[in-house]
Amino acid sequence: MVHVYLKNLRKSWLTGIVPPLFVAGFVATIAIGFPSLRKTILDRLSQMNNPIYQAILGDLGLEGLGLTWQGALFMYAGGTMNIILLFVALFIPVRLLSTEIDKNTLDVMLSYPIPRWRYLLEKFGVYLTYGLIFPISIVSILIGSTAVMNAIYADGYVYNDVIYYYEIDINLVLNYALGIFLLLFALGALSILCASIFLESNKSLSAAGVIILGQYFLESLGALLGGFLEGFIEIQAFSLFHYFKIDTILDGGMLPLFDVVIVVGVGLVALIGALIIFHKREFAI
Amino acid sequence: MSTEIILQVSNLTKIYGREFNLGGKKIGQRVVGAQEVSFDVKKGEIFGFLGPNGAGKTTTMRAILDYLKIQSGKVTIFGSLDHHRDRFEIRKRIGYVPGDMALFENFTGKELLQYFGKFRPINETFLRELRDNFRVKLEKKIKALSTGNRQQVGLIAALASKPDLLILDEPTSGLDPLMAANFHRILRELRNEGYTIFLSSHDLAEVQAVCDRVGIIKEGKMILVEAVEDLKVKFMQKVTVKFNGTSVPKENDIKQLNTVISVERTKKDTFILKIKEDVNELLRWLSSYDIKRFTCEDASLEEIFLQYYE
């Protein structure tokens with residue numbers, strides 16, 4: 001039985017559901033305001049062609065999407081999701097383990113007959129379970145808001161003499177949501193790897209912060225420096241945030257297999273490493 | 001007490017940290033936690049593990065539990081189980097109370113017992129007995145309990161499965177004297193039923209009250225393993241010698257004797273000596289002096305322990 005999983009699932013429910021609900025709420029707000037915000041959004045998209053701005057926010061892969069309802073939704077959903085992902089993947093997995101170290105509750109727990117690797121895996125399972133709320137909520141809110149807008153504004157809207165309808169590509173939404181979940185898995189695995197190495201929350205959070213935030217900024221830095229020297233853009237390949245871009249999903253009609261292999265591979269290696277280290281390591285006084 | 005050995009520790013060595021020599025300069029720090037520690041605990045025995053702070057008690061306990069990797073030595077539990085290889089099997093049959101015990105604060109005592117009970121089934125009859133003896137309210141959340149009450153919940157949790165071997169690191173710290181006495185009674189009852197208890201303590205009264213044998217560890221080395229009853233007889237005696245007239249020896253001359261542990265001069269012609277083993281050597285040496293008075297008494301257990309602590 002998965003007693004550790006169930007116990008932690010119950011304990012962490014608030015931490016688990018707040019971030020995805022925040023993203024869903026934010027995207028829903030954008031959806032509601034879209035008819036009146038449309039011009040602002042388009043202006044904002046033109047600003048985002050500025051390489052410095054892109055370097056700060058990261059390349060959201062929005063090229064060609066700006067005029068449409070779909071493009072606007074993904075711009076806000078994607079941007080917000082990346083920021084929230086950063087913090088969720090950084091804090092939740094580390095805290096699942098390091099809180100026990102800081103409070104010393106692991107000492108008693110480890111004297112019970114449960115393999116350590118399984119203990120950690122069940123805890124990581126809690127993170128993944130709450131991580132599932134992200135894709136589910138984002139799919140629900142994107143498809144749901146599109147249906148509502150379609151019902152209210154069935155005739156669409158006109159921009160530069162062209163009629164645009166409130167449409168969204170469900171295949172794109174599903175692939176995007178899957179990408180979000182895989183990214184959450186890989187970043188979380190890196191985070192729990194740091195926790196199993198350093199144990200204490202301060203050290204674990206610092207290490208996970210360097211790795212996860214570092215990747216986020218590496219992606220931005222690649223875009224910034226790539227604007228001056230083309231070779232620099234290659235450094236983005238070292239960032240997990242570089243994968244699963246909307247435009248590449250749109251082009252291929254699905255998540256690029258190479259991206260999936262990279263992200264899942266990094267996640268699996270980090271998770272297996274964390275399980276082995278936690279299972280074999282010693283717990284000094 | 002049976003002769004069956006439940007816990008056997010042989011030449012256990014644990015060293016923390018590493019030291020490197022870089023161009024004649026030492027880098028890092030190497031701290032000896034336990035050095036070639038050997039002892040055994042028999043079935044149906046309460047074995048007290050004593051020693052000053054930092055002597056290596058907790059290190060030894062955590063090494064037994066396989067929390068620490070040892071450099072050398074062997075720990076065998078329940079006859080043939082290796083503490084590392086068979087740790088999963090061992091943990092089904094042990095109860096552990098750490099020195100600095102912390103429990104899940106958002107659980108009530110009851111929820112905690114239910115949770116731990118899923119890993120090591122609870123003996124419901126014994127749990128009722130424990131609840132009668134400890135007066136903590138298990139319906140309250142752990143975070144709402146005082147330190148002593150938390151300790152009681154931890155003890156109940158460790159004992160509730162009635163494990164074959166209990167490993168207790170200063171189990172009564174934080175308990176009031178009444179609860180401590182109740183706990184000692186429970187330990188004695190468990191011992192009488194054939195369960196084995198390995199406990200560390202700084203409370204010498206507790207050791208005297210419950211332990212059958214004690215081991216004393218100092219600076220990582222086991223310096224003594226002895227039955228509590230034999231300690232007073234075999235180990236220290238307090239001798240008072242009053243010399244006559246001018247034939248008074250020098251303090252340092254007395255200290256030269258192998259069996260003399262300490263010398264205290266109380267008057268110009270009177271000494272209080274602490275002697276280990278027997279007084280034969282002292283008597284032979286004193287025969288060349290003119291003695292006015294000679295008294296010999298057993299030292300108290302506390303004096304004996306403190307002698308080893310110093």
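Sequence lines set the chain letters: A, B, ... in the order given, protein chains first and strands last, and positions in each chain run from 1.
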Query - For A:Glu282, the option from B:Lys69, B:Lys14, B:Arg62 that meets salt bridge (Lys or Arg N to Asp or Glu O under 4.0 Å) - result: B:Lys14
**Report entry** Euclidean distance, B:Phe104 CZ relative to A:Asn8 CG, rounded to 0.5 Å
**Finding:** 7.5 Å
**Report entry** For the student: nearest non-hydrogen atoms of A:Val108 and B:Met101, plus distance
**Finding:** CG2-CG, 4.1 Å
Report task. Kindly give the heavy-atom pair with the smallest separation between A:Met109 and B:Phe116, and that separation in Å. Result -> SD-CE2, 3.7 Å
Query raised in the report: Quick check: are there more than 12 heavy atoms from other residues, nucleotides or ligands sitting under 6.0 Å from CZ of B:Arg30?
Result: no
Report task. Evaluate whether atom NZ of A:Lys203 has more than 12 neighbouring non-hydrogen atoms of other residues, nucleotides or ligands under 6.0 angstrom away. Result -> no
**Report entry** Non-hydrogen atoms of B:Phe88 and A:Pro113 that approach each other most closely
**Finding:** CE1-O, 3.0 Å
Query - chain A contact via B:Glu111 - side chain, backbone, both or neither, heavy atoms under 4.5 Å - result: side chain
Query raised in the report: Would one find more than 12 heavy atoms of other residues, nucleotides or ligands at under 6.0 Å from atom CZ of B:Arg85?
Result: yes
Report summary line: chain A shares the most heavy-atom pairs under 4.5 Å, among B:Ile90, B:Asp100, B:Asn106, with B:Asp100
Query raised in the report: Is the side chain of B:Arg91 donor-acceptor paired with the backbone N or O of A:Leu110 at a distance under 3.5 Å, no angle test?
Result: yes
Query raised in the report: Just by modelled atom types, is the B:Phe107 backbone N or O under 3.5 Å from a matching donor or acceptor in the A:Lys11 side chain?
Result: no
Report summary line: Closest non-hydrogen contact found for A:Val4 with B:Phe119 is CG2-CZ, 3.7 Å
Query - Exceeds 12 heavy-atom contacts within 6.0 angstrom, atom NZ of B:Lys221 - result: no
Query - Main-chain N/O of A:Asp107 paired to B:Tyr67 side chain as donor or acceptor, under 3.5 Å - result: yes
Report task. Can you establish whether the number of heavy atoms outside B:Gln71 located under 6.0 Å from its atom CD is more than 12? Result -> yes
Report summary line: Note: vs chain B, highest number of non-hydrogen pairs under 4.5 angstrom among A:Glu100, A:Lys7, A:Lys103 is A:Lys7
Query raised in the report: Run the side chain to side chain contact (heavy atoms under 4.5 Å, CB included) check on A:Arg116 and B:Arg87 step by step: do they pass?
Result: CA-CA 11 Å; A:Arg116 285 188 202 163; B:Arg87 58 184 184 264; 5.5 Å; no
